[in-house]
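If you're wondering where the values come from, they're calculated on a predicted model, not measured in any experiment.
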Amino acid sequence: MLSTIGTKSNSNITFSSSHNYQQSPEVTGNLDDLLTEILLCIPIKLLLKFKSVSKHWLSLISNPVFCHRLSLIRKPITGLFYHHFALQVSNPEYDFINLDSNPSSPPFRTLTFVNTSYGNQILQSCNGLLLCSSGHSNYYFYDPTTKQYRILPQPRIGRGVSRSIFGVNLAFDPSKSSDHKVIYVGACDSFLGGQLHMEIYSSETSDWRYGGTLTAPSGINFNTGVFWNGAINWVSSSEISLYFDIDQEKLQEMPMPPVPDGWDSGIYQYFGESGGHLLLIDFCGASPFIVYEMRTDYSGWFVKHHVDLGGVAAAFPEMIRTYLDPDDLHYYGYSLLGVVGEENDDDSYLLLHLPNKVVHYDLKDKTYKNLLDVASDGNQAADASSLQYRWFGAFQYYQCLACV
């Protein structure tokens, strides 16, 4: 535990009998620089406690410059929140997969920071910040580390009238800016003949502004946008997808991997960001399957990993669907919860949801281990019907000091 920092003797420091002392601005600045370097090495949970040491420490830790420097230090995913994809309850309970080397209690089970008859649910997570919703067009930022939240005003277009919400996506990169943005894609009958339109919310202005109209390829999913490479990226089941560059506010096309022979369209089992990489995993239930990575210039996808789950099935035979032909692409019952990127990219791993289990699968050495037992929700048989979770219902949790 840190207590005080000082020197044995200095002509610019005068000590009193009560140990209070006055310092020259130069000495104060030097000591603050040293203290800041030490605090940057402290775990975030301890930093929150250190805020109460003194007003001076509170000022240092709350300083946006300190928060920015802290964000440049890469931190591992602490865990994943996830809820049952089939349950549309008004105020869901979130289970938590703890991935920390020093496990602690889950930050929450339900979101209760705003009292509402609709309840609160997570829409997206991005670099430690959560975008949440309670009812139609009611959105919130929430930092589960600091417990701070912000209520967003409703999007401007179509306020008070019936509207269709196609997607609401969070963009937050604390290493570049404390500003966090939301990209809203929707339509309403009273505006532009029902065309899709975009609105952009900025935490710096605390308001929405019009972002233009757009034409989308068929099969695009605006609900599962992923923030990567300074853009919101949307995947589709056709040959072309889209991404929206946040800084340039420009919509661009993104190619998709080729659809194999015999498939009408791409039905992907995972799309997300991990360790600074945009990843796409092909076809639901298939094994072996391919992990694709997008090039940073958006010129195309390349094969990152081949994954064969034969060894996993031998160790956990409950994932084998005995009523299907082994040649069937859906022979194994499993779902992907996510890809976790470590500081060394070679240490990345998959989180596989098998019937009543969550399994850690190492992408480099192909080893696996049972990470968590999952209740079957009353299902008597441990089969595919007990796969309650999907990647689009799993939300990464990082510890951060976002200026909400």
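With hydrogens and angles disregarded, a donor-acceptor distance shorter than 3.5 Å links the side chain of Trp301 to the backbone of Pro255. In this structure a side-chain-to-backbone donor-acceptor pair under 3.5 Å is missing from Trp234 to Ser241.
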Checking Thr205 against Asp207 for the side chain to side chain donor-acceptor pair (under 3.5 Å) test, could you report, in this order, the C-alpha distance in whole Å, the side-chain angles of both residues, the deciding distance, and whether it holds?
CA-CA 5 Å; Thr205 63; Asp207 205 356; over 6 Å; no
Steps toward ring-ring contact (aromatic ring centres under 6.0 Å, His included) verdict (Phe81, Phe96)
CA-CA 5 Å; Phe81 296 105; Phe96 187 70; 5.0 Å; yes
Can Tyr82 and Tyr389 be said to form a ring-ring contact (aromatic ring centres under 6.0 Å, His included), step by step?
CA-CA 7 Å; Tyr82 56 103; Tyr389 312 111; 4.3 Å; yes
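Residue pairs meeting the salt bridge (Lys or Arg N to Asp or Glu O under 4.0 Å) criterion with at least one partner in residues 212-235, sequence neighbours excluded, do not occur; the list is empty. Evaluation of the salt bridge (Lys or Arg N to Asp or Glu O under 4.0 Å) test over residues 173-186, restricted to residues two or more places apart or in two chains, returns none. Listed by first and then second residue, the salt bridge (Lys or Arg N to Asp or Glu O under 4.0 Å) pairs involving residues 54-69 are Glu37-Arg69 (not counting sequence neighbours). Residue pairs meeting the salt bridge (Lys or Arg N to Asp or Glu O under 4.0 Å) criterion with at least one partner in residues 119-130, sequence neighbours excluded, are absent.
Residues Ser238 and Ser236 have side chains that bring a donor and an acceptor to within less than 3.5 angstrom of each other. There is a side-chain donor-acceptor pair under 3.5 Å between Tyr398 and Gln396. A side-chain N or O of Gln269 and one of Tyr334 form a donor-acceptor pair less than 3.5 Å apart. Side-chain N/O atoms of His56 and Asp32 include a donor and acceptor closer than 3.5 Å. Between the side chains of Glu318 and Asn356, not a single donor N or O lies within less than 3.5 Å of an accepting N or O.
Glu253 meets the side chain to side chain contact (heavy atoms under 4.5 Å, CB included) test with Ile240, Leu242; sequence neighbours excluded. Evaluation of the ring pair (Phe, Tyr, Trp, His ring centres under 6.0 Å) rule for Tyr368 yields no partner, not counting sequence neighbours. Under the side chain to side chain contact (heavy atoms under 4.5 Å, CB included) criterion, Thr215 pairs with no residue, sequence neighbours left out. Here Asp247 pairs with Asp245 under the side chain to side chain contact (heavy atoms under 4.5 Å, CB included) rule; sequence neighbours left out. Judged as a ring pair (Phe, Tyr, Trp, His ring centres under 6.0 Å), and not counting sequence neighbours, the contacts of Trp228 are Tyr298. Judged as a side chain to side chain contact (heavy atoms under 4.5 Å, CB included), and not counting sequence neighbours, the contacts of Pro144 are Pro107, Phe108, Leu130, Tyr142, Tyr397. In this structure Phe166 satisfies the ring pair (Phe, Tyr, Trp, His ring centres under 6.0 Å) test with no other residue, sequence neighbours excluded.
Note that CG of Asn229 is 11.0 Å distant from CE of Met254, once rounded to the nearest 0.5 Å. Taking CZ of Arg150 as the reference point, atom SG of Cys132 lies at 14.0 Å (rounded to 0.5 Å).
In plain terms, the two heavy atoms of Cys400 and Leu129 that are nearest each other are SG-N, 4.4 Å. For Tyr332 against Ala313, the heavy-atom pair with the smallest separation is CE2-CB, 3.5 Å. Across every non-hydrogen atom of Asp143 and Gly128, the tightest pair is OD1-O, 4.0 Å.
Under the 4.0 Å criterion applied to side-chain N and carboxylate O atoms, Lys369 and Asp362 are not assigned as salt-bridge partners.
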Enumerate, atom names and distances included, each donor-acceptor pair closer than 3.5 Å involving a side-chain atom of residues 39-51, sequence neighbours excluded.
{"residue": "Lys45", "atom": "NZ", "partner": "Ser104", "partner atom": "OG", "Å": "2.6"}

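Environment of NZ in Lys250: sparse, with no more than 12 heavy atoms of neighbouring residues, nucleotides or ligands closer than 6.0 Å.
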